[in-house]
Amino acid sequence: MSNQKIIVLGASGYIGSATVKTLASLNANVTAGVRDPTKVKELETAGASVVKADMGQTQSELASVLKNYDYLYVVTPGHIDRTNLAINAIKAAQEAHIKYILVVSIPAADNLEILFGRQFNPIEKELKLSGLNYGISRLPIFTNNIFGSAEHIKSHNTFYGPIDGDKKFVTVAIQDAALAAATILLNPSNHIGKTYTITSELSSSDEQAQSYSQALARPIKYVKETFEETKKALLNIIPEWMADGVLELYKLIEKQEQSQVTFTNDFKTLTGKEPTTHLKFMQQFSVAF
Ligand SMILES: NC(=O)c1ccc[n+]([C@@H]2O[C@H](COP(=O)([O-])OP(=O)(O)OC[C@H]3O[C@@H](n4cnc5c(N)ncnc54)[C@H](OP(=O)(O)O)[C@@H]3O)[C@@H](O)[C@H]2O)c1
């Protein structure tokens, strides 16, 4: 068991907090780097240390925090300026002589025709040119996004989206992304210069509805709506730039573009475990639905 010091930046978010908790449960020496340490008591309870760190600090300020650690996980934030925030963190890691850095990206990072591609592509480029020992964790659409439809499923057993019900696409459960990242960070020497795409399932919305029906023991159905209706629903939970980016991903799914339909065995290869299917996921979280 490695006792190298690991710091996770962006640790208050979904991916960051799940990774910190997974690392803590594996007795790793893990620190959550967050903008507001008062807001993450549950990470301390889980056994992590907490330190104030902001990807928006100057490079040298951030480097002065990072120099106390060996390995770094940059959870690229869901922020309109995420390209600069993540690149700043990579440069600070260089200045701090971080021994290994893992960065969150997306499967469509090579696609400069979409906003998210244009945001993540320069981050991956910067990382590859940094001279650092790096890894990239590309994450597709989260299985957990179904929580955004919990009220609809509870009230009328339906969830909505803008694509045909039979179009397949890959998803990742946050717990799988976290376990994969923890596995990499506990033993980074095996993962230098590697780009992983962590996928939990390739399935269509209709197939997901079948899994939800089985898990909840009542019929759940998927209903196709217009892109405009989906955008209106997304605007209740995320900012407009991000909603537009998500709609571009749905367009890629509609076209069955490779980045959205390629299932990889990276999760199983890394962790030796079976990924969390939509069925397992819904069985695990059924009380919320
Ligand atoms: N939802 C999906 O389906 C999906 C799929 C693939 C990829 N992604 C992307 O994967 C990444 C991780 O997802 P997530 O849901 O865990 O991310 P998130 O919650 O949107 O962001 C992660 C964290 O970044 C931190 N952060 C640091 N500096 C920041 C700054 N200046 N402004 C805003 N935030 C800052 C925040 O943590 P602190 O408060 O601790 O600093 C925030 O909690 C995001 O980029 C997300 O867009 C999402």
Side-chain angles (χ1 to χ4, degrees), residues 2-59 61-93 95-96 98-106 119-120 123 127 132 134-139 142 144-145 147 172-188 191 196 198 238 242 271:
S2 147
N3 65 356
Q4 299 287 306
K5 293 176 80 181
I6 303 169
I7 182 165
V8 177
L9 290 182
S12 73
Y14 292 111
I15 293 291
S17 62
T19 307
V20 167
K21 285 179 194 163
T22 303
L23 281 164
S25 75
L26 296 168
N27 294 319
N29 185 340
V30 59
T31 298
V34 296
R35 288 171 299 164
D36 183 355
T38 64
K39 286 193 183 154
V40 289
K41 291 285 172 240
E42 90 278 6
L43 297 182
E44 277 176 288
T45 310
S49 304
V50 175
V51 75
K52 187 170 164 47
D54 185 339
M55 293 182 236
Q57 284 177 291
T58 65
Q59 181 187 317
E61 280 169 343
L62 187 54
S64 71
V65 178
L66 298 184
K67 71 177 183 347
N68 299 310
Y69 301 91
D70 300 294
Y71 306 151
L72 165 64
Y73 187 22
V74 176
V75 181
T76 307
H79 185 284
I80 192 165
D81 198 26
R82 59 180 154 199
T83 311
N84 286 323
L85 290 168
I87 287 178
N88 187 47
I90 293 166
K91 288 186 169 157
E95 191 177 325
I98 283 287
K99 293 182 201 156
Y100 184 83
I101 175 174
L102 180 68
V103 178
V104 167
S105 183
I106 55 163
Q119 288 181 328
F120 280 95
I123 299 171
L127 192 59
L132 290 163
Y134 74 87
I136 295 172
S137 177
R138 288 180 162 189
L139 304 177
F142 299 162
N144 307 51
N145 292 351
F147 277 117
V172 65
I174 287 172
Q175 63 204 56
D176 291 355
L179 183 59
T183 306
I184 293 168
L185 290 162
L186 284 172
N187 198 357
H191 309 291
Y196 296 106
I198 313 299
I238 54 177
M242 195 185 272
T271 67

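Just so it is clear, the values below take in all heavy atoms, side chains as well, and ignore hydrogens, waters and symmetry mates.
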**OP:** Working to the nearest 0.5 Å, report the span between CD1 of I90 and CD1 of I123.
**Re:** 6.5 Å
Subject >> Side chain proximity check, S12 to D36, heavy atoms < 4.5 angstrom >> reply: no
Original post:
Side chains of Y71 and I98: does their closest heavy-atom pair fall under 4.5 Å?
Top reply: no
Subject >> Interatomic distance, N144 atom CG to Q175 atom CD [nearest 0.5 angstrom] >> reply: 7.0 Å
Original post:
Just wondering, are more than 12 heavy atoms of other shown residues or ligands nearer than 6.0 Å to OH in Y14?
Top reply: no
**OP:** Give the C-alpha distance, both sets of side-chain angles, the deciding distance and a yes or no for side-chain contact (heavy atoms from CB on, under 4.5 Å) between L72 and L132.
**Re:** CA-CA 11 Å; L72 165 64; L132 290 163; over 6 Å; no
Subject >> Residues V40, S17; criterion side-chain contact (heavy atoms from CB on, under 4.5 Å); working and verdict >> reply: CA-CA 9 Å; V40 289; S17 62; over 6 Å; no
May I have the list of side-chain donor-acceptor pairs in residues 43-54 shorter than 3.5 Å, sequence neighbours left out?
from	atom 1	to	atom 2	distance (Å)
T45	OG1	K41	O	2.9
K52	NZ	R35	O	3.0
D54	OD1	G56	N	2.6

Subject >> Straight-line distance of I184 CD1 to T271 OG1, nearest 0.5 Å >> reply: 10.0 Å
**OP:** If a pair satisfies side chain to side chain donor-acceptor pair (under 3.5 Å) and one of its residues is in residues 73-82, list it, with sequence neighbours excluded.
**Re:** D81-N84, R82-Q119
**OP:** With sequence neighbours left out, write down each residue that passes salt bridge (charged side-chain N to carboxylate O under 4.0 Å, His left out) with K67, or none if nothing qualifies.
**Re:** none
**OP:** Of all the heavy-atom pairs spanning V30 and A24, show the shortest one and how long it is.
**Re:** CG1-N, 3.9 Å
Original post:
Any side-chain heavy-atom pair from K5 and T31 closer than 4.5 angstrom?
Top reply: no
**OP:** Please report the closest heavy-atom contact between L127 and G135, naming both atoms and the distance.
**Re:** CD2-O, 3.9 Å
Original post:
Closest heavy-atom contact between A182 and L26?
Top reply: CB-CD1, 4.3 Å
Subject >> Contact summary for Q57 and E61, nearest pair of heavy atoms >> reply: CB-OE1, 3.5 Å
Subject >> Which atom of A177 lies closest to which atom of L139, heavy atoms considered >> reply: CB-CD2, 3.7 Å
**OP:** Grab the two heavy atoms, one from G10 and one from M55, that are nearest each other, plus how far apart they are.
**Re:** N-CE, 3.7 Å
Subject >> H191 NE2 to Y196 OH distance, which is reported to the nearest 0.5 Å >> reply: 5.0 Å
Original post:
What distance separates L23 CG from N29 CG, expressed to the nearest 0.5 Å?
Top reply: 10.0 Å
**OP:** Any chance you could measure L66, atom CG, to L9, atom CG, to the nearest 0.5 Å?
**Re:** 5.5 Å
